[in-house]
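Here the structure is laid out as structure tokens; the discussion comes afterwards.
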Amino acid sequence: MPPVLLRASACCSGVLRKIFLEEDMLDIKYLRENLKEAGERLKKRGKGIDLSPFSSLDEKRRGLIKEADGLKERRNAVSEEIGKLKKEKKDAGGLLGGMQEISQRIKSLDKEAQQCEDELKRFLLEIPNLPHPGVPDGKDENDNPAVRVVGEKPSFSFSPKGHVEIGEALGIIDFGRAGKIAGARFALMKGEGALLERALINFMLDLHTREHNYKEVWTPFMATAECFVGTGQLPKFEEDLFKIEGWDHYLVPTAEVPVTNIHREETLDEASLPVCYTAYTPCFRKEAGSYGKDVKGLIRQHQFDKVELVKFTAPERSYDELEKLTNDAEEVLKRLGLHYRVMLLCTGDLGFSSAKTYDIEVWLPGQDRYREISSCSNFEDFQARRADIKYRPGHGGKLKFVHTMNGSGLAVGRTVVAILENYQQQDGSVIIPPALRPYMGGLEKIERKG
RNA sequence: GGAGAGGUGGCCGAGCGGCUGAAGGCAGCUGCCUGCUAAGCAGUUGUAGGGGUAAAACCCUACCGGGGGUUCGAAUCCCCCCCUCUCCGCCA
């Protein structure tokens with residue numbers, strides 16, 4: 001029986017509160033002391049984020065707690081006294097007077113404080129992460145600087161085709177029948193197309209596990225709402241997710257969700273850091289709000305495959321680890337001989353949970369443009385707070401939140417696009433990059449059959 | 001889906017209305033001792049919130065799966081939920 005119906009319908013139930021409101025998001029103490037600075041940093045995101053409700057909620061909450069705690073102290077003292085008297089078989093009746101009223105008052109103060117805290121957390125859960133100071137200011141993707149360009153655009157003696165035309169002509173991608181099965185934005189891969197998809201997954205996983213030291217994991221492809229709050233997709237972006245009807249589960253839109261939540265509510269051993277995982281998952285996205293964009297082809301699908309890289313690190317190391325993680329993702333493109341560039345996202349283009357993000361964009365000759373094929377982000381302690389993932393630094397020091405990060409390594413569907421478009425031949429065939437051939441039974445070229 | 005058992009601190013495990021943040025053990029840390037590779041002795045070791053401080057110290061509150069209830073007072077009693085284990089059923 002799905003437990004979720006209850007949760008979903010009982011709007012203010014304790015269970016729901018646990019799911020949505022138990023986590024910290026931005027550090028409340030930091031905000032209290034640096035509200036202005038935080039506001040400035042958030043303002044650079046350009047989304048009109050207003051922190052002003054914070055102070056009044058915070059002050060109200062503290063006032064209520066203070067009053068309730070004072071009354072509790074008194075109640076505890078009197079109760080203890082009653083206990084002693086009773087033990088000595090003396091009459092404690094004189095102390096009982098007014099205690100009921102005090103208890104009632106405590107109860108209502110606690111309730112009010114709880115409501116206030118819920119409101120505060122509800123508010124804070126929708127506030128995005130603070131951009132790293134090193135992230136350039138900017139409005140949108142047009143302001144993202146390129147940090148490096150690797151390889152060169154291939155030249156063609158003919159006019160290069162798009163992957164849809166190439167794939168359909170080769171009989172390896174069938175959008176028509178996919179539509180029959182699931183509608184628009186789905187693909188049916190056939191024969192060597194299906195093999196290519198599978199080969200890429202294995203190639204990427206092998207590279208990251210054998211050469212980059214990631215541990216391979218294979219996760220559930222659905223996760224509970226709690227997980228999504230942990231990584232930041234909820235509560236704000238529910239419209240992008242496929243929810244399982246009657247359940248508390250959503251289909252994963254990225255392996256980031258299940259993999260990061262592996263260590264939710266855990267304290268990691270400092271010696272084990274950085275913990276590095278790689279995972280293949282299918283990814284399911286509604287792509288709400290992208291109607292009319294990339295409707296044809298593999299670029300924007302409701303379901304696509306992705307190999308993900310996820311790390312849990314100590315705070316001091318996280319930006320070094322982000323560089324390494326980005327390089328690990330780039331290595332896939334290098335081995336496949338694909339030309340790409342790495343962009344540093346400006347403040348206005350940064351994702352909700354991220355403090356700093358590199359996008360890797362691969363060159364697609366059929367579209368005559370670069371397209372994002374990987375996005376590598378450091379979330380600092382934003383997700384760790386929400387998901388409660390800590391470690392104990394040094395010998396017996398205070399618990400601290402880890403930093404989390406992740407990046408695609410890579411999006412498989414878009415890699416298929418890149419291979420088809422970059423390795424297409426004039427006769428319509430497609431050369432398989434040498435690095436991939438061992439994964440395709442030695443196949444060197446995909447050609448049109450008979 | 002049916003029946004039963006159980007969820008307590010880093011771990012094991014007691015407690016079953018007040019003196020229990022929680023016995024005892026293990027592990028960890030700190031001293032002492034010993035010279036033999038580890039034992040003995042003593043002390044110490046949770047998290048979060050609020051107050052306090054220059055920062056500490058310190059004080060208060062909460063926490064024994066989650067939520068609610070009874071009570072002056074709940075780890076302990078009552079109700080609901082979740083999870084784990086065993087048996088049965090069903091099933092890839």
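Chain identifiers are assigned alphabetically (A, B, ...) following the order of the sequence lines, protein sequences preceding nucleic acid strands; residue numbering begins at 1 within each chain.
Pairing analysis of RNA chain B (Watson-Crick: purine N1 to pyrimidine N3 plus N6-O4 or O6-N4; G-U wobble: N1-O2 and O6-N3; both under 3.5 Å) yields stems of 3 or more pairs at B:1-7 with B:82-88, B:10-12 with B:24-26, B:27-32 with B:40-45, B:46-51 with B:58-63, B:65-69 with B:77-81.
Residue A/T267 is classed as having no contact, given no heavy-atom separation below 4.0 Å to the nucleic acid. Contacts of A/Q100 with the nucleic acid, taken as non-hydrogen atoms under 4.0 Å apart, involve only primed sugar atoms and P, OP1 or OP2.
The existence of a salt bridge linking A/E37 and A/R41 is confirmed by a sub-4.0 Å separation between a basic side-chain nitrogen and an acidic carboxylate oxygen. With salt bridges taken as basic N to acidic carboxylate O contacts below 4.0 Å, one links A/R335 and A/E211. Taking 4.0 Å as the cut-off between side-chain N and carboxylate O, A/K190 and A/E197 do not count as a salt-bridged pair.
Listed nucleotides: B/rA48, B/rC72, B/rG69. Nearest to the side chain of A/S79: B/rC72.
Comparing B/rU70 with B/rC80, their C1' atoms are spaced 15 Å from each other, to the whole Å.
Rounded to whole Å, atom C1' of B/rA62 lies 15 Å from atom CG of A/L109. Spacing between atom CG of A/L71 and atom P of B/rG49 amounts to 22 Å, rounded to whole angstrom units.
Environment of CE in A/M222: sparse, with no more than 12 heavy atoms of neighbouring residues, nucleotides or ligands closer than 6.0 Å.
For the OP1/OP2 pair of B/rU71 and a distance below 4.0 Å, the side-chain nitrogens and oxygens of A/S103 include no atom meeting the criterion. Checking the phosphate oxygens (OP1, OP2) of B/rU61, a side-chain nitrogen or oxygen of A/N76 falls inside 4.0 Å.
Not a single side chain to side chain donor-acceptor pair (under 3.5 Å) links A/D137 to another residue, sequence neighbours left out. With sequence neighbours excluded, the residues satisfying ring-ring contact (aromatic ring centres under 6.0 Å, His included) with A/F352 are A/F237, A/F382.
Within the structure, the ring-ring contact (aromatic ring centres under 6.0 Å, His included) test picks out the following pairs touching residues 170-189 of chain A (sequence neighbours left out): A/F186-A/H302.
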Mind listing the N/O atom pairs, protein and nucleotides 50-53 of chain B, below 3.5 Å?
from   : atom 1 : to    : atom 2 : distance (Å)
B/rG50 : OP1    : A/R32 : NH2    : 2.7
B/rG50 : OP1    : A/R61 : NH1    : 3.4
B/rG51 : OP1    : A/R62 : NH1    : 3.3

List the atom pairs, donor and acceptor, that lie under 3.5 Å between side-chain atoms in residues 69-78 of chain A and the rest of the protein, sequence neighbours left out.
from  : atom 1 : to     : atom 2 : distance (Å)
A/K72 : NZ     : A/D110 : OD1    : 3.2
A/K72 : NZ     : A/D110 : OD2    : 3.3
A/N76 : ND2    : A/K72  : O      : 3.4

